[in-house]
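Please read through the structure below; I'll follow up with questions.
In each ligand, atom 1 is the first atom listed, and ligand 1 is the first ligand listed.
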Amino acid sequence: MLEVKELTKLFPVGRRRITAVNDVSFRVEENEIFGIVGESGCGKSTLGRLILRLIEPSGGQVFFKGQDISALRRRAMRPLRRSMQMVFQNPFASFNPKIRILSALTEVCRYYGMSADETRDRIGRLFADIGLSEDLLYRWPRELSGGQLQRLAIARALLSDPSLIVADEPLSALDVSVQAQLLNLLKALRGNRSMAMVFISHDMTVVEYLCDRVGVMYLGRIMELLPGSDLSENALHPYTRSLRASSPRLDRFKDGEKSDTAALLKGETPDPSHVLKGCPFAPRCPEASKHCREEIPEIREAAPGHLVRCHLV
Ligand SMILES: Nc1ncnc2c1ncn2[C@@H]1O[C@H](COP(=O)(O)OP(=O)(O)O)[C@@H](O)[C@H]1O
Ligand SMILES: [Mg+2]
């Protein structure tokens, strides 16, 4: 469904340039939920925007269903927009406060050229899928909770039957109990449509619970790429293990989880405009050697389907 190849994005900051996304490659298959996780500022949102071509890459390519969309002109992108949708973090900002929910959703359907019958049918079916009462259609956004609005934002993204959804921290503004409900909703929705999802989060526990595979980012680079179910027991990179050990436990969502013994993550994320020659994580890594500080490791396959960028593995 999606292939990202050597994707890079530089931003000019004063006289310097920061590399917000640095040589990122991965594939997402149909029906797969691919997680992108890392601390604030590591380049997750930039990567999400690059995938949907809301911003232009400095280098690399994005293939959607085999087509290189990085080379398409704006006008040629337009018909693809319907199949690629985004869900944002703040549900309160994603609905116009002056428009009732029904009108907001109908407007989207009209934009995609659906008839009135088709629109009614589509909205009705989605409300059933998403577990919302159709009474909400006649409400104003301010009358709804964050959880209800985020369900509606997900419903709105699904109206056009997209093949790919990029969700950028869609749960981060919600209470933990509401997060758990929405996580289960996203899992259920994936089950009955042929859709891929890129799920961006700073929360290790959430991606472990939801995602089939996960890319762990640090300073614009993928440091480890592994099955979500391997995050707590089989992560190899010292960064992934520290991030996991610093996170709340998975029993926030379900029971029965051992805790990791890796060192807790210390120190701040470094300034991305500062160019390092070695491994980007070396300054915070409890295990870093001289080699780590001098040469950046390549990303390598440590086990089938498990990539890691670390000299020590
Ligand atoms: N439009 C921009 N101009 C300059 N720098 C930017 C811009 N967007 C993001 N950045 C920088 O790129 C880096 C990655 O940002 P972002 O992708 O938002 O990270 P995340 O979503 O992981 O928090 C940060 O250092 C951020 O300050
Ligand atoms: Mg972000």
Side-chain angles (χ1 to χ4, degrees), residues 2 4 6-26 28 33-60 62 70 84-94 146 150 153-154 157 164-174 179 182-183 186 197-208 210-211 213-225 228 231 237 239-240 242-244 246-247 265 267-276 279-281 283-284 296 309:
L2 174 73
V4 168
E6 296 165 16
L7 208 54
T8 295
K9 180 67 182 179
L10 305 167
F11 287 117
V13 175
R15 287 158 146 220
R16 290 186 294 182
R17 287 190 307 183
I18 63 157
T19 313
V21 171
N22 199 341
D23 193 19
V24 167
S25 300
F26 59 85
V28 186
I33 302 184
F34 185 84
I36 296 171
V37 70
E39 293 162 286
S40 173
C42 71
K44 303 179 298 295
S45 295
T46 305
L47 178 57
R49 292 190 198 110
L50 286 169
I51 289 171
L52 296 182
R53 200 141 170 250
L54 302 175
I55 53 173
E56 297 298 319
S58 310
V62 177
S70 28
M84 311 169 87
Q85 296 288 331
M86 187 140 186
V87 176
F88 295 96
Q89 176 174 354
N90 184 350
F92 296 99
S94 53
Q150 198 61 309
I154 293 166
L164 176 69
I165 288 202
V166 175
D168 188 356
E169 309 244 18
L171 309 180
S172 306
L174 307 174
Q179 283 188 19
L182 272 146
L183 272 173
L186 289 171
M197 187 178 338
V198 174
F199 184 91
I200 296 172
S201 178
H202 66 273
D203 188 330
M204 239 12 195
T205 323
V206 167
V207 294
E208 177 176 352
L210 181 69
C211 301
R213 285 185 307 133
V214 173
V216 182
M217 276 182 90
Y218 193 79
L219 274 177
R221 290 182 193 271
I222 300 243
M223 306 305 277
E224 184 160 15
L225 202 160
L231 272 174
H237 201 288
Y239 178 58
T240 313
S242 310
L243 206 54
R244 183 69 193 84
S246 309
S247 313
L265 197 54
E268 294 292 309
T269 313
D271 176 359
S273 65
H274 184 81
V275 179
L276 295 163
C279 171
F281 186 58
R284 289 166 85 194
I296 175 146
R309 183 190 293 284

*Is the Mg ion (ligand 2) under 2.8 Å from any N, O or S atom of Q89?*
no
*Is the shortest N/O to N/O distance between G43 and ligand 1 below 3.5 Å?*
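Yes; at least one N/O pair falls below 3.5 Å.
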*Which atoms of ligand 1 sit under 4.0 Å from any heavy atom of I18?*
11 (C), 12 (O), 25 (O)
*In the protein, which heavy atom is nearest to atom 9 (C) of ligand 1, and how far is it?*
F11 CE1, 3.5 Å
*Below 4.5 Å, heavy atoms only, C-beta onward: do M223 and C279 meet side chain to side chain?*
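M223 reaches C279 side chain to side chain.
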*Identify the closest protein heavy atom to atom 12 (O) of ligand 1: which residue and atom is it, and at what distance?*
A20 CB, 3.4 Å
*Decide yes or no for L182 and Q150: does some side-chain heavy atom of the first lie under 4.5 Å from some side-chain heavy atom of the second?*
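Yes, side chains in contact.
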*Side-chain contact, heavy-atom cut-off 4.5 Å: L47 with I51?*
yes
*Could you pull out the closest heavy-atom pair between L171 and Q179, with the gap in Å?*
O-NE2, 3.3 Å
*Number the atoms of ligand 1 from 1 as they appear, then name those within less than 4.0 Å of a heavy atom of S45, with their elements.*
17 (O), 18 (O), 20 (P), 21 (O)
_Geometric N/O contact R49 with ligand 1, under 3.5 angstrom_ =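 N/O-N/O distance below 3.5 Å does not exist for this pair.
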*asked:* Does any part of the side chain of Q89, heavy atoms only, come nearer than 4.5 Å to the side chain of D168, both counted from C-beta?
replied: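 The answer is no; the side chains never approach within 4.5 Å.
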_Under 3.5 Å between any N/O of C42 and any N/O of ligand 1: does that happen in this structure?_
yes
*Option among T240, V37, V214 that satisfies the side chain to side chain contact (heavy atoms under 4.5 Å, CB included) test with E224*: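 Exactly one candidate clears the test, T240.
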*Tell me which one of L10, T46, V21 gets a heavy atom nearest to atom 15 (O) of ligand 1.*
T46
*Compare all side-chain heavy atoms of T8 with those of V21 and state whether any distance is below 4.5 angstrom.*
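A side-chain contact is absent here, since even the closest heavy-atom pair is not under 4.5 Å.
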_Any protein heavy atom at under 4.0 Å, with atom 27 (O) of ligand 1 as the reference point?_
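It does not: no protein heavy atom is found less than 4.0 Å away from atom 27 (O) of ligand 1.
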*Using a strict 4.0 Å cut-off to heavy atoms of S40, name the atoms of ligand 1 that fall inside it.*
23 (O)
_Identity and separation of the nearest protein heavy atom to atom 25 (O) of ligand 1_ =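 Checked against all protein heavy atoms, atom 25 (O) of ligand 1 sits closest to P272 CG, 3.3 Å.
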*Euclidean distance, E39 CD relative to L219 CG, rounded to 0.5 Å*: 9.0 Å
_Heavy-atom pair with the smallest gap, counting every atom of P170 and F199_ =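 For P170 and F199, the tightest heavy-atom pair comes out as CG-CE1, 3.5 Å.
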_When you compare ligand 1 with G41, is there at least one nitrogen or oxygen pair between them that comes in under 3.5 angstrom?_
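Such a contact does occur with ligand 1.
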